[in-house]
Every structure is written in structure tokens, then in C-alpha cells.
Amino acid sequence: MSGIDYIRGDATAPSVKGVKIIAHVCNDAGGWGKGFVLAVSRRWPGPETAYRAWHRGRAKNDFGLGAVQFVQVEAYVWVANMIGQHGTRTGSKGVPVRYEAIDRALGAVAERAREVGASVHMPRIGCGLAGGRWSRVEPLVEERLVRQGIPVTVYDHGE
């Protein structure tokens with residue numbers, strides 16, 4: 001039995017009280033323009049602007065697989081830009097998702113969530129354009145967040 005709360009809805013609009021972190025996976029190529037990031041950008045311009053600046057300055061910062069950038073978008077809402085996919089296309093080296101990077105990034109999200117008393121909200125991270133399987137991601141979410149006592153809601157969009 002999973003400790004994750006699964007609901008149908010929009011992960012950019014969590015309706016719970018308190019501090020919230022919206023976690024999602026970004027690529028390590030600087031691309032922002034398809035998938036869940038479009039929903040994020042429609043709601044708040046800050047996470048995209050911050051991600052693009054983070055990528056541009058990558059020679060002098062921690063940008064890379066497994067890194068997380070936290071962007072405050074409302075008084076009690078943060079967006080976690082997690083670098084969990086290598087490139088943007090499936091090729092000879094397989095799908096872009098990198099489970100180890102997602103695992104490391106979720107560890108940083110858990111640390112921040114504990115610090116600020118936040119719940120965590122996300123789509124099925126790494127399973128859209130990144131090409132991952134939820135059966136591989138879900139145990140990482142369970143281990144890094146749920147078992148640490150952090151409430152997690154996963155949103156399935158659509159009907």
C-alpha cells in the first residue's frame with residue numbers, strides 16, 4: 001500500500017493548506033518548452049526564468065543531474081526544478097530519464113520540505129517526455145519523501 005495520495009487534477013494548483021513544494025523533472029540541456037513545464041510557466045514565469053539563468057551560468061553553479069533549484073512563486077508555494085533527465089530525446093543510450101538523478105534530487109526536496117514544513121505535490125515525474133516508468137520512480141518517492149513523514153500528492157491530469 002502506497003503512502004502517496006493519488007488524485008486527478010492539476011499539480012500546479014494544490015488545494016491543501018500550508019507550505020507546498022511542487023516538484024517536477026527538468027532536463028540537463030537547458031530546454032524548457034514541452035510537457036509539465038508549460039503548465040508551470042502558464043501559472044508563474046519565475047521557475048522558467050530561474051531555470052534558464054541557472055543553465056546559462058552552469059559553469060559556475062551546481063546545475064547538473066541530481067541538482068535542484070527552489071523557486072518561490074507564492075507566499076506558501078515553491079517550485080522545485082529537479083534535473084532528472086539527460087538530454088531531451090530517446091536515442092542510442094535509451095530514454096532521457098535518469099533515476100539516480102531523480103533519487104538524489106528527491107533527497108534535496110525532502111530536506112527542504114522538512115525545513116519549511118511543506119507537503120510535496122507532483123505529476124508522475126520522469127514518466128512523460130523523459131520516458132521513465134512510474135514503477136521505478138514511485139519507490140524513490142516513497143523512500144525519499146513518504147518514509148520521512150512528508151505528505152506527497154501525485155496528480156494525474158485529465159479525465
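Both backbone and side-chain heavy atoms feed into the values below; hydrogens, waters and symmetry mates do not. The structure presented is a predicted model; accordingly, all values stated were derived computationally and were not measured.
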message = Using side chain to side chain donor-acceptor pair (under 3.5 Å), reason through D10 and H157 one step at a time and then give a plain yes or no.
response = CA-CA 6 Å; D10 180 357; H157 197 69; 5.0 Å; no

ask   = Does Y99 offer a backbone N or O that forms a donor-acceptor pair with the side chain of D103 under 3.5 Å?
value =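 No; zero donor-acceptor contacts below 3.5 Å.
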
ask   = Hey, does the side chain of Q69 reach the backbone of A50 with a donor-acceptor pair shorter than 3.5 angstrom?
value = yes

key: E48 and R52 ion-paired at < 4.0 Å   = yes

From T12 atom OG1 to R43 atom CZ, the distance as rounded to the nearest 0.5 Å =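 Between atom OG1 of T12 and atom CZ of R43 there are 4.5 Å.
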
ask   = If you round to the nearest 0.5 Å, how far is NZ of K34 from OG1 of T88?
value = 7.5 Å

ask   = Step by step, would you call V141 with I4 a side chain to side chain contact (heavy atoms under 4.5 Å, CB included)?
value = CA-CA 8 Å; V141 174; I4 299 170; 3.7 Å; yes

task = Give me the one residue out of I102, V95, V25 that meets side-chain contact (heavy atoms from CB on, under 4.5 Å) with Q85.
result = V25

request  = Hydrophobic side-chain clustering at under 4.5 Å (ILVMFWY, transitive links): who's grouped with I83? Put none if nobody.
outcome  = I22, W32, F36, V37, V40, W44, Y51, W54, F63, L65, V71, V73, V77, V79

ILVMFWY cluster membership beyond L129 - transitive side-chain contacts under 4.5 angstrom =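 Hydrophobic cluster check, L129: no partners found.
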
How close do [X] and [Y] get, counting heavy atoms only, and between which atoms?
X: K20; Y: V16; value: NZ-O, 3.0 Å
X: G84; Y: A101; value: CA-CB, 4.0 Å
X: G87; Y: P96; value: O-CB, 3.8 Å
X: A67; Y: A105; value: O-CB, 4.3 Å
X: A80; Y: I21; value: CB-CG2, 3.8 Å
X: A75; Y: Q72; value: O-NE2, 3.0 Å

Distance-only check: which donor-acceptor pairs under 3.5 Å involve side-chain atoms of residues 106-122, not counting sequence neighbours?
from: S119; atom 1: OG; to: H121; atom 2: NE2; distance (Å): 2.8
from: H121; atom 1: ND1; to: Y155; atom 2: OH; distance (Å): 2.8

key: Test item: R124 and V137 side chains (from C-beta on) under 4.5 Å apart, heavy atoms   = no

key: pair V154-W134: side-chain heavy atoms closer than 4.5 Å   = yes

